[in-house]
Amino acid sequence: MKILVTGGAGYIGSHVVNALGECGHDIIVFDNLSTGHKWAVLCGKLEVGDLEDSSHLYDVMNAFRPDAVIHFAASIQVEESVRKPLKYYRNNVANTLNLLDAMDRNAVRNFIYSSSAAVYGIPDTLLLDEAVPLHPINPYGASKAMVETVLGDMTKTGDLRYIALRYFNVAGADPQARVGQAYLDATHLITRALKTAQGDFAKLCIFGTDYPTPDGTCIRDYIHVVDLANAHLLALDYLMETKKSDIMNCGYGRGFSVREVVAAARKVTGINFTVEEAPRRAGDPPRLVADSTRLRSITGWQPRHDDLEFIIRTAWKWELKLKQRKRQP
Ligand code: UFG
């Protein structure tokens with residue numbers, strides 16, 4: 001299949017591109033390299049471009065004629081979205097509309113969308129399935145929910161079929177450390193903890209210790225990026241075969257608190273890095289844990305890396321490699 005992948009030079013995108021390439025698909029990565037990297041595109045062709053540039057996007061799509069588009073390009077930091085809402089609505093909503101428009105004008109009908117657990121806000125159920133109402137509490141989650149609304153409406157016209165994958169907390173790296181997370185300003189818990197272990201930061205702050213959770217810190221469902229990449233391949237196959245649109249949660253169904261992640265990171269690295277309790281971070285829901293029954297039953301997805309220590313081990317291997325690379329001239 002011919003697949004156009006926006007944001008394919010980024011963290012999750014690069015893992016999916018790798019998996020698609022290993023299955024023999026023909027890929028164009030469309031990425032502005034704002035947070036992605038040329039070296040992360042291990043398969044297919046990289047087209048450096050911005051989703052804001054509608055005519056470039058149209059031309060690339062017109063020349064390539066993809067069977068499907070997988071859309072990763074987005075801004076993804078919850079806390080930043082609270083400070084810079086316009087950035088999130090522009091990057092995540094307006095630019096996605098540009099993409100959908102370019103698809104429509106080129107009669108590209110199949111779309112895999114990176115949505116997020118952040119669409120749920122502060123749910124009152126412990127395990128979240130797709131029927132839980134969407135009440136995002138930050139602009140990031142709201143931007144993802146808005147696009148889901150657009151997709152739902154477009155589907156009704158018969159011009160588009162899509163699968164929205166709602167990611168929970170994606171972490172870890174390719175076990176061979178060929179690609180991994182490499183943002184300039186890492187804010188995610190596991191990456192931040194490992195960079196603290198490496199000495200890049202003096203301490204790791206625990207944002208909020210007074211949440212209504214057993215140890216007072218936020219609980220998240222950490223999913224290994226390779227399992228998530230595999231979910232994309234299965235979702236794409238399902239979409240192409242059945243032509244049915246759907247929404248699926250991607251997580252393991254098990255939550256870990258910030259303190260539990262810190263303990264696991266200390267154990268894996270063998271480094272007792274400094275941790276400090278700090279006030280809550282804006283926009284953080286106390287608990288997000290997936291019920292991924294739908295993904296499993298519909299696509300046959302079976303996670304292979306449902307193990308927090310394995311997730312952290314692969315992330316650690318990647319961090320050590322990144323550090324080594326930076327030391328090289
Ligand atoms: N945290 C800390 N210290 C840090 C970093 C994070 O205590 O230095 C805490 C956060 O406050 C939060 C938890 O660790 O409670 C996880 O935070 P992350 O920044 O790792 O991830 P988020 O849950 O904020 O968001 C991530 C993605 C979103 C996605 C969401 C889904 O960035 O895109 O998971 O659950 F929507």
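Order of appearance sets the numbers: ligands from 1, and atoms from 1 within every ligand. Computed from a prediction, not measured in an experiment: that's the story for all the values here.
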Less than 3.5 Å between some nitrogen or oxygen of [X] and one of ligand 1, yes or no?
X: Ser116; value: no
X: Asp284; value: yes
X: Leu204; value: no
X: Tyr140; value: yes
X: Leu189; value: yes
X: Ala117; value: no

Which protein heavy atom lies closest to [atom], and at what distance to 0.1 Å?
atom: atom 15 (O) of ligand 1; result: Cys218 CB, 3.0 Å
atom: atom 35 (O) of ligand 1; result: Asn169 OD1, 2.5 Å
atom: atom 19 (O) of ligand 1; result: Arg281 NH2, 3.0 Å
atom: atom 23 (O) of ligand 1; result: Arg220 NE, 2.7 Å
atom: atom 9 (C) of ligand 1; result: Val258 CG2, 3.8 Å

### Candidate with minimal heavy-atom separation from atom 2 (C) of ligand 1, of Tyr167, Phe207, Tyr222
Phe207
### Query
Can we call the ring centroids of Tyr183 and His37 under 6.0 Å apart?
no
### Task
Quick one: closest heavy-atom pair of Leu128 and Asn249, and the distance?
O-ND2, 2.7 Å
#### Entry: Nearest heavy atoms of Ile27 and Phe64, plus distance in Å
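Closest pair (atom of Ile27, atom of Phe64, distance): C-CZ, 4.1 Å.
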### Task
Let me know which of Gln176, His224, Glu309, His305 forms a side-chain hydrogen bond (donor to acceptor under 3.5 Å, both in side chains) with Thr314.
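Checked Gln176, His224, Glu309, His305 against Thr314; only one passes side-chain hydrogen bond (donor to acceptor under 3.5 Å, both in side chains): His224.
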### Message
Under 6.0 Å from the ring centre and within 45 degrees of the ring axis: does the NZ or CZ of Arg220 meet both conditions for the six-membered ring of Phe256?
### Response
no
#### Entry: Ala118 neighbourhood, listing ligand 1 atoms whose heavy-atom distance to it stays under 4.0 Å
36 (F)
If you measure from each non-hydrogen atom of [X] to ligand 1, which part falls under 4.0 Å: side chain, backbone, both or neither?
X: Lys144; value: neither
X: Cys205; value: backbone
X: His188; value: both
X: Thr187; value: backbone

#### Entry: Salt bridge Lys38-Asp31, side-chain N to carboxylate O under 4.0 Å
no
### Task
Using atom types as modelled and distance alone, determine if a side-chain donor or acceptor of Asp26 lies under 3.5 Å from a backbone N or O of Ile3.
no
### Query
Under the 3.5 angstrom rule, does the side chain of Lys45 hit a backbone N or O of Ile28 as a donor-acceptor pair?
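No, because the side chain of Lys45 does not come within donor-acceptor range (under 3.5 Å) of the backbone of Ile28.
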#### Entry: Beyond-backbone contact of Tyr113 with Ile163, side-chain heavy atoms, under 4.5 angstrom
no
### Query
With a 4.5 Å heavy-atom cut-off, do Thr196 and Val275 have their side chains touching?
no
### Query
Among the heavy atoms of Gln77, does any lie under 4.0 Å from an atom of ligand 1?
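No heavy atom of Gln77 comes that close to ligand 1.
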### Task
May I ask you to check whether over 12 heavy atoms, not counting those of Lys2, lie within 6.0 Å of atom NZ?
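It does: Lys2 NZ has more than 12 such atoms within range.
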